[in-house]
Trainee: 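The structure under discussion is supplied below as structure tokens; questions concerning it will follow.
In this text, all values refer to a predicted model and were calculated from it rather than measured experimentally. Remember, it's 1-based here, ligands and their atoms both numbered in the order they're listed. We count residues from 1, following the sequence as given.
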Amino acid sequence: MRKNIVAGNWKMNTTLDEGVELANNVNTLLKEKKANCEVIVCVPFTHLTSVNAVIEPELVKLGAENCSEHAKGAYTGEVSASMVKSTGAQYVILGHSERRQYFGENNEQLLAKTKLALENGLLPIFCVGEVLEERENGSYNDVVRGQVEALFSLTPEEFGKIVIAYEPVWAIGTGKTATSDQAEDMHAHIRKVIAEKYGQEVADNSSILYGGSCKPSNAKELFAKPNVDGGLIGGASLKAEDFMGIIEAFG
Ligand code: 13P
């Protein structure tokens, strides 16, 4: 079902103690002022169990930042979807541009990860987005279409469980936000691509988040757009007050 979501992506930040403190602070703020959206913190693997112990599930949901494309076995250093699920996490970010860019993750691997996540009862937050060159040469709609279509062997029921996050790579960590109109145009495009394959109902029920230098000062304008259902927040999710400021964009 389509819902408004604000999800933090802590990336490779915070020690365990710092992460637990941050999660605790987010939880406390949400106890004082209830959110008008679903709130998720996506944290490093090492922090999942400890963060799960300090958040209240009705206030804050838990997610990982990645999982393996393999179910189990001799893959030293990897963490499987079932391991993530066993910590109490409900979500997993997949296909973040940093994974695509620095770790060479491709569509085939991302489909395998998505299937394993779903099989293990995790809800994927699947990231798509163009790089600056693609924005400038005008191919961005096709690029993002291709990234979404990589999941089109999923059944409508499976696809219906996926949260899409549009994160223009040129806006990530750069302080340069897509304008609310650029975000709205792309989100509408993504919804159309989904509707073409799965029908309008699945498309209308999909939550599509915006990510890329989203902060308290611009969240309200972005989230006011009809096809923007919330945000995936990097830097500003590392300070509980800033993260809360973004959550409050939903009132
Ligand atoms: P920033 O909010 O730091 O730009 O990061 C966005 C992002 O990559 C979230 O996944």
Trainee: For residues 243-251, which side-chain N or O atoms pair as donor and acceptor with protein atoms under 3.5 Å away, sequence neighbours left out?
Mentor:
none

Trainee: Just wondering, do L48 and N52 contact through their side chains at under 4.5 Å, heavy atoms?
Mentor: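 Not in contact.
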
Trainee: Identify all pairs of nitrogen or oxygen atoms, one from ligand 1 and one from the protein, separated by less than 3.5 Å, and list them with distances.
Mentor:
unit_1	atom_1	unit_2	atom_2	d
ligand 1	2 (O)	G234	N	2.9
ligand 1	3 (O)	G235	N	2.8
ligand 1	4 (O)	G173	N	2.7
ligand 1	4 (O)	S213	N	2.7
ligand 1	5 (O)	K11	NZ	3.3
ligand 1	8 (O)	K11	NZ	2.8
ligand 1	8 (O)	H96	NE2	2.8
ligand 1	8 (O)	E167	OE1	3.4
ligand 1	10 (O)	N9	ND2	3.0
ligand 1	10 (O)	H96	NE2	2.9
ligand 1	10 (O)	E167	OE1	3.1
ligand 1	10 (O)	E167	OE2	2.8

Trainee: Decide, yes or no, whether a salt bridge links E167 with R100 under the criterion of side-chain N to carboxylate O below 4.0 Å.
Mentor: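 Salt bridge flag = no for R100 with E167.
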
Trainee: Check this for me: does any side-chain nitrogen of one of R145 and E149 sit under 4.0 Å from a carboxylate oxygen of the other?
Mentor: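 Salt bridge flag = yes for E149 with R145.
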
Trainee: Would you say the ring centers of F152 and Y198 fall short of 6.0 Å from each other?
Mentor: yes

Trainee: Any donor-acceptor pair under 3.5 Å linking the side chain of E134 with the backbone of V131?
Mentor: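 Yes, the answer is positive, given that a donor and an acceptor are paired below the 3.5 Å cut-off.
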
